[in-house]
Amino acid sequence: MRAYRPLPRRFYERSSVVVARELLGKVLVKEEDGLILAGVIVETEAYGGPEDPASHAARGRTKYNWPLWRDPGLAYVYRIYGVHFCLNVVAAEKRGLGSAVLIRAVEPIEGLEVMMRRRRVGNPRLLTSGPARLAEAFGIDLSFNGWDLTRGEVLYIAEGREVPDQQVVSTTRVGISKARDKPWRFYVRGNPYVSRR
DNA sequence: CACCCGATTATCT
DNA sequence: GATAATCGGGTGT
């Protein structure tokens with residue numbers, strides 16, 4: 001019996017805004033040769049298709065963003081500022097719409113020692129409280145671009161705990177210059193691993 | 001080819 | 001608060 005149950009593809013076959021909200025409380029899992037890393041998703045952001053100027057889909061298809069136009073449930077990993085990686089999961093009512101959800105923060109629950117070694121920090125709060133921080137802690141790089149997160153192998157997202165609406169905060173997205181009015185960032189109120197800003 | 005900007009973070013002052 | 005890290009993608013000469 002598996003420790004974590006991967007979310008089925010149909011979970012991701014909804015609008016990215018709905019999926020971003022529903023991903024709160026789910027578990028990001030990485031399995032590397034028996035080593036297990038896991039963290040509860042506590043912060044996400046929804047990005048639309050080409051009609052959302054803040055989305056990478058607005059650039060049209062490029063060498064790296066091709067997963068955005070493939071099946072919901074695939075990972076879209078990109079390099080940012082030349083030095084970091086960020087993890088998205090493709091989410092849309094149907095294939096080809098270009099929308100996705102950025103995983104911005106998780107609360108680490110398994111594999112803390114390995115994460116601390118990779119991140120070279122002692123304070124647990126600095127391990128995974130930001131999209132590039134969690135990518136480094138989990139060892140996520142461009143080799144996972146296009147990875148199918150529904151297969152339950154190596155890197156996937158699993159069932160977790162329900163987060164009641166009362167604990168969910170919706171605000172505008174972080175770090176963008178276009179379409180700044182959309183309230184498509186979601187996080188768990190009071191969780192210490194939510195990224196600061 | 002040159003230049004600018006970016007879904008970020010660590011490390012200064 | 002300011003800056004460097006320096007890759008991917010867009011734009012303009």
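Proteins get letters first, then strands, A, B, ... in listed order; numbering begins at 1 in each.
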### Task
Kindly state which residues belonging to residues 65-103 of chain A come within less than 4.0 angstrom of DNA chain C, counting heavy atoms of the residue only, listed by number.
Arg79(A), Gly82(A), Val83(A)
#### Entry: N/O donor-acceptor pair under 3.5 Å between Asn88(A) side chain and Ile103(A) backbone
no
### Query
Cation over ring, Arg9(A) on Phe11(A), under 6.0 Å and within 45°?
no
### Message
Distance under 4.0 Å to a non-hydrogen atom of chain A counts as contact; along DNA chain C, which nucleotides mark the start and end?
### Response
dA5(C) to dG10(C)
#### Entry: Expected output: side-chain Arg119(A) to main-chain Ala137(A) donor-acceptor under 3.5 Å
no
### Message
If you take the centroid of each ring, where Trp contributes its six-membered ring, are His56(A) and Tyr78(A) closer together than 6.0 Å?
### Response
yes
### Query
How does DNA chain B look in dot-bracket notation if pairs are Watson-Crick or G-U with both distances under 3.5 Å, crossing ones as [ ], other-strand ones as |?
||||||.|||||.
### Message
Check this one for me: any side-chain N or O of Ser55(A) less than 4.0 Å away from OP1 or OP2 of dA7(B)?
### Response
no
### Message
Between C1' on dT8(B) and CD1 on Ile176(A), what's the gap in Å once rounded to a whole number?
### Response
14 Å
### Task
Nearest 0.5 Å please: distance from the CD atom of Glu51(A) over to the OG atom of Ser99(A).
7.5 Å
### Task
Kindly state each residue pair satisfying ring-ring contact (aromatic ring centres under 6.0 Å, His included) with at least one member in residues 86-123 of chain A, sequence neighbours excluded.
none
### Task
Please confirm whether the backbone N or O of Phe138(A) pairs with a side-chain atom of Lys30(A), one donor and one acceptor, at under 3.5 Å?
yes
### Nearest-0.5 Å distance that lies between atom CZ in Arg133(A) and atom NE2 in His84(A)
9.5 Å
### Query
Which ones in residues 118-135 of chain A lie close to DNA chain C, meaning a heavy atom under 4.0 Å from one of its atoms?
none
Please list, one pair per line, the donor and acceptor atoms closer than 3.5 Å that link side chains of residues 108-117 of chain A to other protein atoms, with sequence neighbours excluded.
| residue | atom | partner | partner atom | Å |
| --- | --- | --- | --- | --- |
| Glu110(A) | OE1 | Tyr4(A) | OH | 2.7 |

### Message
Distance to the ring centre below 6.0 angstrom and angle to the axis at most 45 degrees; does that hold for Arg104(A) and Tyr193(A)?
### Response
no
### Separation between the C1' atoms of dT3(C) and dC5(B), rounded to whole Å
16 Å
### Check: Asp148(A) side chain, Leu74(A) main-chain N or O, donor-acceptor pair, under 3.5 Å
no
### Query
For dT8(B), does OP1 or OP2 lie under 4.0 Å from any side-chain N or O of Arg104(A)?
yes
### Message
Please check this pair: side chain of Thr172(A) against backbone of Lys182(A), looking for a donor-acceptor N/O pair closer than 3.5 Å.
### Response
no
### Query
In whole angstrom, what separates Tyr64(A)'s OH from dA7(B)'s P?
17 Å
### Message
Checking the side chain of Trp147(A) only, and the main-chain atoms of Leu155(A) only, is there a donor and an acceptor separated by less than 3.5 Å?
### Response
yes
